[in-house]
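For reference, the structure is listed below as structure tokens.
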Amino acid sequence: MSVEQIERELGQLRMNEDGTLGLRASVLNLIVVTDEDSAEEVTRSVSHIAGRYPSRAIVLISDPEEAQTNLDFGLSAFCSVRGGGGAQVCAEQITIHAEGPSAEHLESLAGPLLVSDLPVFLWYPGPFSPSSPEFPGMAGLADRIILDSAAAGDCTRSLREISGLLDKPETPAVGDLQWVELSPWRSLLAELFSSPERAGELERLREIEILHAPDGECRALLFVGWLASTLGWTLEESIRTEGGREVRFSGPSGEVSAEMSPASPDAPFRRVRLFSEDYGFEVARSRDLSEARTAVTRGGETLAERTVHLGTFDLGVLLGEELRYRGRDELYEGALRTAVEVLVP
């Protein structure tokens, strides 16, 4: 299909019952590179966020292993009625199955279909490698790349590859869904130090304990990296233990040790404990994983405690959070670089 044919067909999909065209409500371009197995979930996520982040979504289902070139196009629109006039406002999706050599040049398919003057988000929901043939061309189209550092199952390699991307000046801003998952944890922990009498305890921290599942390793590393980069700690030693890791930092007021244990049977990120000389701080998920308990103790006495609802973040919610940002996330980049330092041994 030519670009003109695609635009004409999308216009037909936006047609109101009275023959007028529904408004295109795109505020951004979203390019997704995925495979056949994940395409259904990806499309569902895109449709769920269409109301909050209406976009021109281009879903590229790529299979470069096929010997023959084959291209198949599918068009859809997600429309809702707004206002009292009953007019439709629509987001659009163009789905392209690309097989064979054409899958190595996806930018030639996606580029002409972008809505001009709108930011371009490039999303890899599954395993990602910057060495894939299509990536340089796709990155050249994007203002922001959205990745999932845990999707490939090899956290060490994934974090190193993403960190390597950030060292290249031509790389656009990068977002990581594992970092988004940590947002409530970072907020809840910061609240524990918000009272004047405990604000100084951040500089007196001596010990950190993190309990996570094996598939939560990226999250644990990024969390430790966030604390270290934010509080000005310097890595001294990192030791791989049986499945976990023990790390020593030097901070402004002395040594800080961090232990990451992959012993959680369910939640990827189950519990965080921090200890200073006088206080203990904890954020932990409940057994049903829908709530989190925060607590501050001193000398065995509980000084503060509360339970908050966390809920669960499905893929659409995580994606929607990333679509809010345009520029570079310096907190994430600092956490990532420190996490990679921890992985050096």
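Index from 1, following the sequence.
Aromatic rings from Trp185 and Phe269 are positioned such that their centres are separated by under 6.0 Å.
In this structure, a donor-acceptor pair under 3.5 Å is present between the side chains of Glu236 and Ser250. Using modelled atom types and a 3.5 Å distance limit, the side chains of Tyr124 and Asp148 yield no donor-acceptor pair.
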Start with the C-alpha gap between Trp179 and Leu318, add the side-chain angles, then the distance that decides, and say whether side-chain contact (heavy atoms from CB on, under 4.5 Å) holds. CA-CA 10 Å; Trp179 180 248; Leu318 296 174; over 6 Å; no

Under the salt bridge (charged side-chain N to carboxylate O under 4.0 Å, His left out) criterion, do Arg144 and Glu322 qualify, and how do the steps go? CA-CA 9 Å; Arg144 186 175 182 83; Glu322 271 300 313; 2.9 Å; yes

Quick one, Glu333 with Arg337, criterion salt bridge (charged side-chain N to carboxylate O under 4.0 Å, His left out). Give me CA distance, side-chain angles, the key distance, then yes/no. CA-CA 6 Å; Glu333 293 185 9; Arg337 290 192 171 98; 3.7 Å; yes

Any chance you could lay out the salt bridge (charged side-chain N to carboxylate O under 4.0 Å, His left out) test for Glu255 and Arg248, step after step, and finish with the verdict? CA-CA 7 Å; Glu255 182 178 293; Arg248 285 193 308 107; 3.0 Å; yes

Begin with the C-alpha distance, continue with both residues' side-chain angles, and end with the deciding distance and a verdict on side chain to side chain donor-acceptor pair (under 3.5 Å) for Ser38 and Glu40. CA-CA 6 Å; Ser38 304; Glu40 183 177 350; over 6 Å; no

Can you check side chain to side chain donor-acceptor pair (under 3.5 Å) on Gln93 and Thr43, steps first, answer last? CA-CA 9 Å; Gln93 178 172 316; Thr43 296; 3.2 Å; yes

Chi angles and distances behind the side-chain contact (heavy atoms from CB on, under 4.5 Å) call for His212, Met260: CA-CA 7 Å; His212 63 90; Met260 289 170 271; 4.0 Å; yes

side-chain contact (heavy atoms from CB on, under 4.5 Å), that's the test. Do Glu305 and Arg293 meet it? Break it down for me. CA-CA 7 Å; Glu305 183 178 22; Arg293 172 184 174 272; 2.5 Å; yes

With side-chain contact (heavy atoms from CB on, under 4.5 Å) as the criterion, how do Val59 and Ile96 come out once you've worked through the C-alpha distance, each side chain's angles and the decisive distance to 0.1 Å? CA-CA 6 Å; Val59 178; Ile96 306 175; over 6 Å; no

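Note on Leu211: it does not cluster hydrophobically with Val224, by side-chain heavy-atom contacts below 4.5 Å among ILVMFWY residues. Hydrophobic clustering (side-chain heavy atoms under 4.5 Å, transitive across Ile, Leu, Val, Met, Phe, Trp, Tyr) groups Val3 together with Val120. Note on Tyr325: it does not cluster hydrophobically with Trp123, by side-chain heavy-atom contacts below 4.5 Å among ILVMFWY residues.
In this structure, Leu222 and Ala339 approach most closely via the heavy-atom pair N-CB, 4.3 Å. Glu134 and Ala103 make their closest contact through CB-O, 3.8 Å (heavy atoms, listed as atom of the first residue, atom of the second, distance). Taking every heavy atom of both residues into account, Pro214 and Pro262 meet most closely at CD-O, 3.8 Å. Cys218 approaches Ser149 most closely through the heavy-atom pair SG-O, 3.5 Å. Shown here for Glu36 and Ile61, the closest heavy-atom pair between the two residues is N-CG2, 3.5 Å. Between Met138 and Ala110, the shortest heavy-atom distance links the atoms CE-CB, 4.5 Å.
Among Glu259, Glu282, Glu207, the single residue meeting the salt bridge (charged side-chain N to carboxylate O under 4.0 Å, His left out) criterion with Arg273 is Glu282. In summary, of the residues considered (Glu201, Arg198, Arg204), a side-chain hydrogen bond (donor to acceptor under 3.5 Å, both in side chains) with Ser276 occurs for Glu201 alone.
In this structure, Ser194 contributes its side chain and Glu191 its backbone to a donor-acceptor pair below 3.5 Å. A donor-acceptor contact shorter than 3.5 Å links the side chain of Ser45 to the backbone of Glu41. Side chain of Thr171 to main chain of Leu165: a donor-acceptor pair is present (N/O by atom type, distance under 3.5 Å, no hydrogens or angles). Between the side chain of Arg245 and the backbone N or O of Ala258, no donor-acceptor pair lies under 3.5 Å. Under a 3.5 Å cut-off, the side chain of Ser102 and the backbone N or O of Glu99 do form a donor-acceptor pair. Between the side chain of Ser132 and the backbone N or O of Ser129 there is at least one donor-acceptor pair closer than 3.5 Å. A donor-acceptor pair under 3.5 Å is formed between the side chain of Thr338 and the backbone N or O of Gly334. Using modelled atom types, no side-chain atom of Ser264 and backbone atom of Arg270 make a donor-acceptor pair closer than 3.5 Å. Judged by distance alone, with hydrogens and angles left aside, the side-chain atoms of Ser229 form a donor-acceptor pair with the main-chain N or O of Trp226 at under 3.5 Å. Side-chain N or O atoms of Glu301 include none that pairs as donor or acceptor with a backbone N or O of Arg298 at under 3.5 Å.
Within the 4.5 Å cutoff, no side-chain heavy atoms of Leu147 are placed close to those of Leu177. For the pair Leu274/Leu189, a side-chain contact is recorded, criterion being any heavy-atom separation below 4.5 Å from C-beta on. Between Ser158 and Glu161 there is no side-chain heavy-atom pair separated by less than 4.5 Å. Residues Leu235 and Val342 meet the side-chain proximity criterion, which asks for heavy atoms closer than 4.5 Å. Looking at heavy atoms from C-beta onward, Pro252 lies in side-chain contact with Trp233 at the 4.5 angstrom threshold. Within the 4.5 Å cutoff, no side-chain heavy atoms of Leu60 are placed close to those of Thr34. Counting heavy atoms from C-beta outward, Arg44 and Leu315 have side chains that stay 4.5 Å or more apart. Looking at Leu192 and Tyr279, their side chains never come closer than 4.5 Å, going by heavy atoms from C-beta outward.
The distance from atom CG of Leu30 to atom CZ of Phe121, rounded to the nearest 0.5 Å, is 8.5 Å. Atoms CG and CZ, from Leu336 and Arg160 in turn, are 11.5 Å apart once rounded to the nearest 0.5 Å. A distance of 11.5 Å separates CD1 in Ile210 from CD in Glu217, rounded to the nearest 0.5 Å. Here Asn29 contributes atom CG and Ser55 contributes atom OG; the two are 8.0 Å apart, rounded to the nearest 0.5 Å. The line from CG of Leu310 to OG of Ser286 is 7.5 Å long, rounded to the nearest 0.5 Å. Rounding to the nearest 0.5 Å places OG1 of Thr69 at 9.5 Å from CD of Glu104.
The local environment of CD in Glu197 is crowded, with over 12 non-hydrogen atoms from other residues, nucleotides or ligands closer than 6.0 Å. The local environment of CZ in Arg206 is crowded, with over 12 non-hydrogen atoms from other residues, nucleotides or ligands closer than 6.0 Å. Residue-environment remark: CD (Glu277) stays at or below the threshold of 12 foreign heavy atoms within 6.0 Å.
Scanning for ring-ring contact (aromatic ring centres under 6.0 Å, His included) contacts around Phe275 gives an empty result, with sequence neighbours left out.
Residue pairs meeting the salt bridge (Lys or Arg N to Asp or Glu O under 4.0 Å) criterion with at least one partner in residues 181-190, sequence neighbours excluded, are Glu181-Arg219.
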